[in-house]
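Comments concern the structure below.
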2 protein chains.
Amino acid sequence: MDNEEQLPEKSMPNISVDNLIFAMQDGQLKVLLVKYKQGLAANKWGLIGHWVHQDESLDDAASRVISATTGVENFHLDQLGAFGKVDRYPGRRIITVVYYALVRFDEANIHQGENTHEVAWFNVHDVPELIFDHKDILNKCLGQLKYKVRHEPIGFSLLPEKFTLLQLQEIYEAILDKKLDKPNFRRKIQKMNLLINCKEKQTAVAHRAATLYRFDVHVYEKLKEFGFNFEY
Amino acid sequence: MDNEEQLPEKSMPNISVDNLIFAMQDGQLKVLLVKYKQGLAANKWGLIGHWVHQDESLDDAASRVISATTGVENFHLDQLGAFGKVDRYPGRRIITVVYYALVRFDEANIHQGENTHEVAWFNVHDVPELIFDHKDILNKCLGQLKYKVRHEPIGFSLLPEKFTLLQLQEIYEAILDKKLDKPNFRRKIQKMNLLINCKEKQTAVAHRAATLYRFDVHVYEKLKEFGFNFEY
DNA sequence: GCAAAAGTGTTCCGTTTACACCCATGG
DNA sequence: CCATGGGTGTAAACGGAACACTTTTGC
C-alpha cells in the first residue's frame, strides 16, 4: 500500500488489498506496476494497492481498483492469499490480501491513480526494485500461476477474442517458463474441444497465415468447474 | 471467531484467524471443531478461531492456537486464504484468514481453550451446523485438500511414524472421496521412492500382517519443492 | 476351512514425447 | 528461393485402469 496519510474514513484500518495484474504483450508475460506519489512508498515501484472500504468485500475491493486502473470490466480474478508478517509494512501493522488478475492487453487503457504518478507494464522476470514484501508476493504469485495454468483453463483470459494457436502456446510458455513442442501442444489443446475455428485467417503476416480460433464458452465453464490437466 | 468482549489489548482489531485441523481416525477424515462459551457464537460449533496479536505473524498466530489446542508441535500448515464478505460476521466488520493443519491423530491431546467448553472431532462429511461462514470455509478447504493432495505429498502428514500402505490409501480415499484400486495404488506410491521398508510387520491383526513403512524425508522434501503428480 | 487383507502379475489402451516432414506466404 | 511460422504424421515409451490371482494370518 502507498501511505497512511491518505487513509480515508470509510476504510478499514490495518488491512490493505494488493493486486497483480497480468497481460501478454509480444509473447511476454507482463505485470502492471505503479510508482507512488507520496508516503512511505513515494517514488518507488510497487503492486497496485489500496485500502478496503468498510462496506465492500475483499473481492469487490480488488475488482474496483483493477477496473479503475485498467478500464477493464471482465477479467479473471483470484485471491493469492493474505500476507501478514509483523514487519512487512514499515512502522505499522498492516495485513495485505493479495489478488491477481489476468486481462487482455489490447483491452487495457491504463489510468493514472490519484496516488500514483506512473503506471507501467514490466516483464515478470525483469521488474525494478519493489517496496515492502512485494517482490516476495510477485514470486509467490508466479509460482501459483504455474500451478494454476496446468489445472484450470485460465490462460485463455489473456487472449483477444480471436487468436492463433501460437499465441496460446506463447502464454503457456511464458507462464511455465519453458519451451513447448508445437505439434504436441496443438493436438493437446484441440482435443479439449475448447476451441472453435473462426474460419478466418491471419492477414498481413510474412508467412503462412494461421487459423484464428475463439473459445467455446460452454466447454470453458465446465473445465473451470471440474478442472483439467495440462501436464507439460 | 468467538466474541468481541474478549478482544485483548494486544490483538489486532478487525482480523481473526480461523483454523481447520484435520486428522485420520478409523479410516475417516476428521476435523476438529469447538463449541464456544460466550459471545455471538455461544453454544454453537465453529472452527477454532482467535485474534491475532500485534507482535505475531498470521502464520505464527495459527500455529500458536493449533499447538495450544492439540498439543502437537509439528504439523503441516497451509493458508487457505482470507475471507472478507461484508456481512460474514454479525454486527462488525471482521476479516478472517483461514489456515488448515494436518496432524497425526495419535499425537493429539486435545486441550480445552478458555473460550470453549467442548472440542471434538467430526467426520468432515457429517458436521453440525456451524457459525458464520464456517461451513463455506470448510467446503472450500475440502476442495483445496483434494486439489493439493494430488500435487504435493501432504497426505503423509496424517500418518504415524510407521504405517501400512492401506493406511496411506485410506487417506487418499478419504480426501478424494473415492475408492482406489489397491494394486495400482501400491505400485504408484512405491515408484515414488518415498517409502522406506521398516522390515517390520503389523502384529495382532486377523489377517496377513502388512509391511510397515516410514518416509524418506529427503525425497519427501524434494517432492514438496518440485511438486508431483497423483492423478487418480 | 473361511474371512480378510497383503501383495503380485498381466493386459489393454490412451497419452506423452520426440522428431521428421510438408505447406503457404512475403520479401 | 529462402526464412518464417503453420500444420500433419508417426513410432516408441510410459502410465493408468481393470481385474485375475496367490499369500498369509487369526479364528
Side-chain angles (χ1 to χ4, degrees), chain A residues 24 26-28 149-151 153 159-160 162-174 176 178-214 223 226-232, chain B residues 24 26-28 146 149-151 153 159-160 162-174 176-214 223 226-232:
Chain A
M24 285 296 292
D26 302 331
Q28 295 186 325
V149 83
R150 289 189 296 156
H151 301 102
L159 288 172
K162 299 172 180 179
F163 53 87
T164 68
L165 292 180
L166 183 61
Q167 284 180 288
L168 184 57
Q169 183 173 344
E170 281 171 345
I171 288 175
Y172 278 84
E173 290 182 338
L176 297 175
K178 73 195 253 199
K179 277 282 174 197
L180 302 178
D181 181 88
K182 183 171 56 161
N184 295 337
F185 180 86
R186 299 174 62 86
R187 271 186 291 263
K188 180 147 193 163
I189 291 290
Q190 303 256 32
K191 231 183 355 198
M192 291 178 185
N193 291 317
L194 199 57
L195 302 183
I196 296 173
N197 190 325
C198 295
K199 312 220 160 144
E200 287 179 64
K201 298 275 181 184
Q202 277 181 314
T203 51
V205 285
H207 53 77
R208 177 174 172 179
T211 303
L212 294 172
Y213 291 88
R214 58 192 175 81
L223 288 184
F226 298 110
F228 77 141
N229 200 288
F230 195 94
E231 294 296 341
Y232 264 110
Chain B
M24 285 296 291
D26 302 331
Q28 295 184 326
K146 273 192 203 184
V149 83
R150 289 189 296 155
H151 301 102
L159 290 172
K162 299 174 179 179
F163 53 87
T164 69
L165 291 180
L166 183 61
Q167 284 179 288
L168 185 56
Q169 183 173 344
E170 282 171 344
I171 288 175
Y172 278 84
E173 290 181 338
L176 298 175
D177 199 19
K178 72 196 255 199
K179 275 282 172 198
L180 302 177
D181 181 89
K182 183 172 56 159
N184 294 338
F185 180 86
R186 298 173 62 86
R187 270 187 291 263
K188 181 148 193 162
I189 291 290
Q190 303 255 34
K191 232 183 355 197
M192 292 179 185
N193 291 316
L194 199 57
L195 302 184
I196 296 173
N197 190 324
C198 295
K199 313 219 161 143
E200 287 179 64
K201 298 275 180 184
Q202 277 180 315
T203 51
V205 285
H207 54 77
R208 176 172 172 180
T211 303
L212 294 172
Y213 291 88
R214 57 191 175 81
L223 287 184
F226 298 110
F228 77 141
N229 200 287
F230 195 95
E231 295 295 341
Y232 265 112

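By convention in this document, chain letters (A, B, ...) are assigned in the order of the sequence lines, proteins followed by strands, and residues within each chain are numbered from 1.
- Rounded to whole angstrom, the span from the CZ atom of B:Arg208 across to the P atom of D:dT22 amounts to 14 Å.
- Heavy atoms of A:Lys182 sit under 4.0 angstrom from at least one base atom.
- Between D:dG7 and A:Arg186, a contact under 4.0 Å exists linking OP1 or OP2 to a side-chain N or O.
- The phosphate of C:dG7 has OP1 or OP2 within less than 4.0 Å of a side-chain N or O from B:Thr211.
- In this structure, B:Leu166 reaches the sugar-phosphate backbone alone: every heavy-atom distance under 4.0 Å involves primed, P, OP1 or OP2 atoms, never a base.
- Residues that satisfy the ring pair (Phe, Tyr, Trp, His ring centres under 6.0 Å) test with B:Phe163, not counting sequence neighbours, are B:Phe215.
- One interatomic measurement links the two molecules: NE2 of A:His207 to P of C:dT25, which rounds to 11 Å at whole-angstrom precision.
- Taking atom NZ of A:Lys201 as the reference point, atom C1' of C:dT25 lies 12 Å away to the nearest angstrom.
- What separates CG of B:Asn197 from C1' of C:dG7 is a distance of 13 Å, to the nearest Å.
- Look at CG on A:Leu180: it is 13 Å from C1' on C:dT16, rounded to the nearest Å.
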Intermediate values then yes/no, side-chain contact (heavy atoms from CB on, under 4.5 Å), B:Gln167 and B:Tyr213:
CA-CA 10 Å; B:Gln167 284 179 288; B:Tyr213 291 88; over 6 Å; no
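- Contact between the side-chain N/O atoms of A:Lys191 and the OP1/OP2 oxygens of C:dT15 is found at a separation under 4.0 Å.
- The nearest whole Å value for the distance from the CG atom in A:Asn184 to the C1' atom in D:dC14 is 14 Å.
- Atoms CZ and NZ, on A:Phe185 and A:Lys179 in that order, are 11.5 Å from each other to the nearest 0.5 Å.
- In terms of polar N and O atoms assigned as donor or acceptor, the side chain of B:Arg187 never comes within less than 3.5 Å of the base of D:dG16 in a complementary pairing.
- Rounded to an integer number of Å, the gap from NZ of B:Lys179 to P of C:dA5 is 9 Å.
- If you check D:dG16, D:dT8, D:dC19 against the side chain of B:Pro183, the one that comes closest is D:dC19.
- To the nearest 0.5 Å, the span separating OG1 on A:Thr164 from NZ on A:Lys201 amounts to 11.5 Å.
- At whole-Å resolution of the value, CG in B:Leu165 and C1' in C:dT8 are 13 Å apart.
- Atom CG of A:Asp181 is separated from atom CD of A:Gln169 by 8.0 Å, given to the nearest 0.5 angstrom.
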